[in-house]
Novice: 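This structure is in structure tokens; I'll ask about it shortly.
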Amino acid sequence: MKPSSTATGTIIGLTLVFLIGPFIVIILAALTAGNNLAFPPDGLSLKWFIKVFTVESFRISFLISMFLAVFGTLTALIVGVPAAYAIARYDIPGAGAIQLAVSSPLIVPGIIVGLALLRYLVIPTGFTIMAALFLAHAALILPYAVRVVTSSLQNLRVDVEEAALILGCSRLGSFFRVVFPNIRGGILAAFILGFVTSFNQVPVSLFLSGPGVRTLPIDMLAYMETTYDPSVAALACLLAIMSVGIVFLAERFLGFSRYV
Amino acid sequence: MFENKNTGLLLVLPAAVFASVLFLLPVGILLSEAFTGSEGGFSLGAYVEFFSSELNNTVFWRSLRLGLWVMLTSAVIGYAAAFSIVQLSPKSRGRVFALIILPLMISPVARTYAWLVILGRTGLVNQVIVGLGLSEEGLQLLFTETAVFIGLLQLFLPLMIIALISSMENMPRDVVPAARVLGANWFSVFFRVILPLTREGLVVGGTLVFAGSMTAYITPAILGGSKVLMLETLLYQRVTVANDYAAASVIAMILVVMSIVTNLLLKRLAKPRNRRA
């Protein structure tokens, strides 16, 4: 005796309408030819999508967000991959405390981190906002990088490394010539996860913004406070398409969901 | 497993120092301010003052209430959805699952912005209401608790569904049909079979949804504005408008304590099955 498939179908359908429906509404609203944010749209055109690219603050904040996401993630990987290797391969003293420190960015709410960095790093030491943002984003991505790379190292047998060492390879050589090629997929997955996380991040960057320095999501929040036109809807669509595209490609070529 | 402990320590140290200096240290100083009086020394004055303000009290209880409501509602919808999804064939199950997690990859700003179009004064919902003649000029839906509730529910429902699906997949396949054959109605099937067997998933999903809602910033900022403040929007407002760092550090303390409790709870419960949490 199974529940009727009409009932389960309806439930799934309604849930998906609630979860996905708003995106369809926003895509159509962004395609309007009129000047107001409305649904159904007032004729169809791409003018708001084109307008997005002419708003200078969006262009600047997009580049800032891109910079933070790419270099923040790279930094997190440079610091995180050795840590992941140590966690997976060595019996480290005080491992619990170290893991807790590394994963702390996941536990502390971002808005507090942003405020704390502003008050105790930027203001007293004269650190630039940009540098603080960069460090905060890198630290925020660190736990993701460590976790994904650790699990991909744990799936790699230690024998291959031992074989390389016995055959006379150095420690460092065996890492770059044996381990690294085998965990490349995991590192790429960590990069994508870190990139998306950093790019969409709001709370950490909230207090860390100054004249001319704003991440894209913060800039969008500021823009919608003053202007109620469809350009934010168009930008939201473009961002959604970008994230979904990245994740789709990653899944297609990498089997992304195996890693996260 | 390699022998040399010092090499291991050396490799992990940069990451630990990086996270501690950038996260734990500044946040620690900030939190300690919540216990420092105006002339230095230990004091709980900031708390007394925080909770003596009516606005702060309202915001505190509102955040708690909304968190609980979002958690309960997502549990109800989540059970219905997860149970339906598990009945599907593996192939369509994968497709539906992909659609459920899709929103998680998209910028929360974009996700929340869509509700402005739907709930605004001339939005979709109001067009229907006016069209049906239920109201003359439409209802005020934005900047209400309901709007924030809907936004949070859409944001966090996927987490609940994922948690419930994974614990339902671990449920023995024939328990529900068996209970039905033995004459149980759907009500007792749920409370006596499904609920006890998926308790773990419910707790994992519930804590994620509750903590996520309590500490949300974007949704209350866009859909609640200054009319419906929640803890994080209140914190932002206290700092930027009033320079009130005492209140900010009290809110920070509330948020941190809650996050730590949530994480401890999740660690204890989720270890055996859920690698992610």
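Just so it is clear: chains get the letters A, B, ... in the order the sequence lines come, proteins before strands, and each one is counted from 1.
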Novice: Where does A/Leu142 contact chain B at under 4.5 Å (heavy atoms): side chain, backbone, both or neither?
Specialist: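 Side chain of A/Leu142 only, per the 4.5 Å heavy-atom cut-off to chain B.
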Novice: As an exercise, state the distance from CZ of B/Arg111 to CD1 of A/Ile26, rounded to the nearest 0.5 Å.
Specialist: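 One finds 11.5 Å between CZ of B/Arg111 and CD1 of A/Ile26.
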Novice: Chain B heavy atoms under 4.5 Å from A/Ala240: which part of the residue, side chain, backbone, both or neither?
Specialist: both
Novice: Taking it one step at a time, do A/Arg119 and B/Glu33 satisfy side chain to side chain contact (heavy atoms under 4.5 Å, CB included)?
Specialist: CA-CA 12 Å; A/Arg119 291 204 70 195; B/Glu33 275 191 23; 3.0 Å; yes
Novice: Under a 4.5 Å heavy-atom cut-off, does chain B meet the side chain of A/Val196, its backbone, both or neither?
Specialist: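 Just its side chain gets close to chain B.
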Novice: Please identify each residue that fulfils side-chain hydrogen bond (donor to acceptor under 3.5 Å, both in side chains) with B/Arg95, with sequence neighbours left out.
Specialist: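 side-chain hydrogen bond (donor to acceptor under 3.5 Å, both in side chains) list for B/Arg95, sorted by chain: empty.
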Novice: Tell me, out of B/Val17, B/Ile101, B/Leu153, who's got the most heavy-atom pairs with chain A below 4.5 Å.
Specialist: B/Leu153
Novice: Name all residues meeting the side-chain hydrogen bond (donor to acceptor under 3.5 Å, both in side chains) criterion together with B/Asn243; count only those two or more places apart in sequence or in a different chain, and write none if there are none.
Specialist: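 By the side-chain hydrogen bond (donor to acceptor under 3.5 Å, both in side chains) rule, B/Asn243 matches no residue at all.
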Novice: Can you tell me which of B/Ala98, B/Ala110, B/Pro26 forms the most heavy-atom pairs within a distance under 4.5 Å of chain A?
Specialist: B/Pro26
Novice: Atom CD1 in B/Ile29, atom OH in A/Tyr120: separation rounded to 0.5 Å?
Specialist: 6.5 Å
Novice: For A/Met224, which atoms come within 4.5 Å of any heavy atom of chain B: side chain, backbone, both, or neither?
Specialist: side chain
Novice: Can you say whether A/Val247 sits under 4.5 Å from chain B via the side chain, the backbone, both, or neither, judging by heavy atoms?
Specialist: side chain
Novice: When rounded to the nearest 0.5 angstrom, what is the spacing between CG in A/Leu117 and CG in B/Leu25?
Specialist: 10.0 Å
Novice: Can you tell which part of A/Leu115 gets under 4.5 Å to a heavy atom of chain B, answering side chain, backbone, both or neither?
Specialist: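 The answer is the side chain of A/Leu115.
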Novice: Quick one: CG on A/Leu121 to CG on B/Leu22, what's the gap to the nearest 0.5 Å?
Specialist: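 Output value for this atom pair is 7.0 Å.
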Novice: Output the distance between atom CG (A/Leu221) and atom OH (B/Tyr113), rounded to the nearest 0.5 Å.
Specialist: 11.0 Å
Novice: Using heavy-atom distances under 4.5 Å, tell me whether A/Leu19 contacts chain B through its side chain, its backbone, both, or neither.
Specialist: both
